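All values reported here derive from a predicted model rather than from experimental measurement. Note on naming: letters A, B, ... go to the chains in the order of the sequence lines (proteins, then strands), and numbering restarts at 1 for each one.
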There are 2 protein chains.
Amino acid sequence: MNIDEKRTAIIFKALCDENRVKILKLLGTGEKCACKILEELNVTQPTLSHHMKILCDSEIVFGRKEGKWMYYSISERGADQAKEILNELTVINGEDCNCCK
Amino acid sequence: MNIDEKRTAIIFKALCDENRVKILKLLGTGEKCACKILEELNVTQPTLSHHMKILCDSEIVFGRKEGKWMYYSISERGADQAKEILNELTVINGEDCNCCK
DNA sequence: GCAACAAATAGATATTTGTCAATGTGTTTT
DNA sequence: AAAACACATTGACAAATATCTATTTGTTGC
């Protein structure tokens, strides 16, 4: 696989904000509606909406609309992709560098 | 494991910038000195230094000094920790939310 | 259609981040 | 010791980000 840097940055942006990590932890107990997530965080509704967008852009979180509610859950597919990229980026293939010795 | 949100954000900050992803890809072929990495990126030396600090703060990258050179490599330990956190954050344990139904 | 509700969008603002030029620090070489 | 080199730190600045208030959009129930 050849990793796209821009896409990788978008994916892991999901995980580099405290509130978004909290949201993922909440989603770990299963699908949640936005209103429920909002209760658990100390942010306004628009701020939550902003974070949910970033999480969905990463594809680690999946959102579905049902009537006037939005339900969010962790996407196994998206999570697996993030894991695969993390694996690829941290595998060590080569030799030590002697360029400066 | 109970995941610390602040620490998690610091760890994954390593992966949410294009240049840092490029650096990780370079380190995938083994330990490299800063000067070699600098050749491959379109940034100045202080900018590289800044990125290397963020990568080392995440502990995904390890730096060692040898004389006037800095050698960087991927830390298996740090990478494993990032993988473990990503796993924990994307495992689904619970039931679907019925709170709004 | 209208009121009530849930979520998204727009606009404003403070903070954080990525970047560079200039300078400082520590090491090697002459 | 002085010069050269590799890297870190500082300070400045523009761009991106997180947050809020106000408003808009879309859905439900009267």
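Minimum heavy-atom separation, B/Tyr72 to B/Gly63: CD2-CA, 3.7 Å. The two residues B/Ile74 and B/Leu24 make their nearest non-hydrogen contact at CD1-O, 3.9 Å. The two atoms that bring A/Ile60 and A/Ala82 nearest to each other are CD1-CB, 4.1 Å, heavy atoms only.
Regarding B/Leu38, its CG atom lies at a distance of 10 Å from the P atom of D/dA6, rounded to whole Å. In this structure, A/Glu66 places its CD atom 19 Å from P of D/dG26, rounding to the nearest Å. Distance, B/Leu55 CG to C/dT17 P: 14 Å, rounded to whole Å. Atom OH in B/Tyr71 sits roughly 13 Å away from atom P in D/dA8 (whole-Å rounding). Between A/Asp57 atom CG and D/dA18 atom P the separation is 12 Å, expressed in whole Å. One can place CE of B/Met52 at 9 Å from P of D/dA8, the figure rounded to the nearest angstrom. The nearest whole Å value for the distance from the CG atom in B/Leu41 to the C1' atom in C/dT19 is 13 Å. The interatomic distance linking A/Lys53 (NZ) with D/dA18 (C1') rounds to 15 Å, in whole Å.
A/Ile11 places none of its side-chain heavy atoms less than 4.5 Å from the side chain of A/Glu59.
To the nearest 0.5 Å, the span separating CG on A/Asp17 from NE2 on A/His50 amounts to 7.5 Å. Rounding to the nearest 0.5 Å gives a distance of 4.0 Å between CD1 of B/Ile3 and CG of B/Leu89.
Ranked by how close their nearest DNA chain D nucleotide is to the 5' end, A/His51 and A/Pro46 are led by A/His51. Of the residues near DNA chain D, B/Met70 and A/Gln45, the one whose nearest nucleotide (by heavy atom distance) lies more toward the 5' end is B/Met70.
Using a 4.0 Å cut-off, no side-chain N or O of B/Thr47 falls inside it from OP1 or OP2 of C/dT19.
Counting non-hydrogen atoms under 4.0 angstrom, A/Lys65 reaches the backbone sugars and phosphates but no base. A/Ile54 comes within 4.0 angstrom of the backbone, heavy atoms only, and of no base.
Taking every side-chain heavy atom of A/Trp69 into account, C/dA7 is the closest of C/dC20, C/dA7, D/dG26. Set against D/dA18, D/dG26, C/dT28, the side chain of B/Lys68 has C/dT28 as its closest nucleotide. Nearest to the side-chain atoms of B/Thr44 among the listed nucleotides C/dA21, C/dA8, D/dC7 stands C/dA21.
Only at 4.0 angstrom or more do the heavy atoms of residues 6-15 of chain A sit from any atom of DNA chain C, so none qualifies. For DNA chain D, none of the residues of residues 16-27 of chain B falls under the heavy-atom distance limit of 4.0 Å.
A chain of hydrophobic side-chain contacts below 4.5 Å, direct or via other Ile, Leu, Val, Met, Phe, Trp or Tyr residues, connects B/Ile23 to B/Val43.
Ionic pairing of A/Lys32 and A/Glu40 is not present here: no N-O contact between side-chain nitrogen and carboxylate oxygen is shorter than 4.0 angstrom.
Side-chain N or O atoms of B/Ser49 include none that pairs as donor or acceptor with a backbone N or O of B/Gln45 at under 3.5 Å. In this structure a side-chain-to-backbone donor-acceptor pair under 3.5 Å is present from B/Arg20 to B/Lys13.
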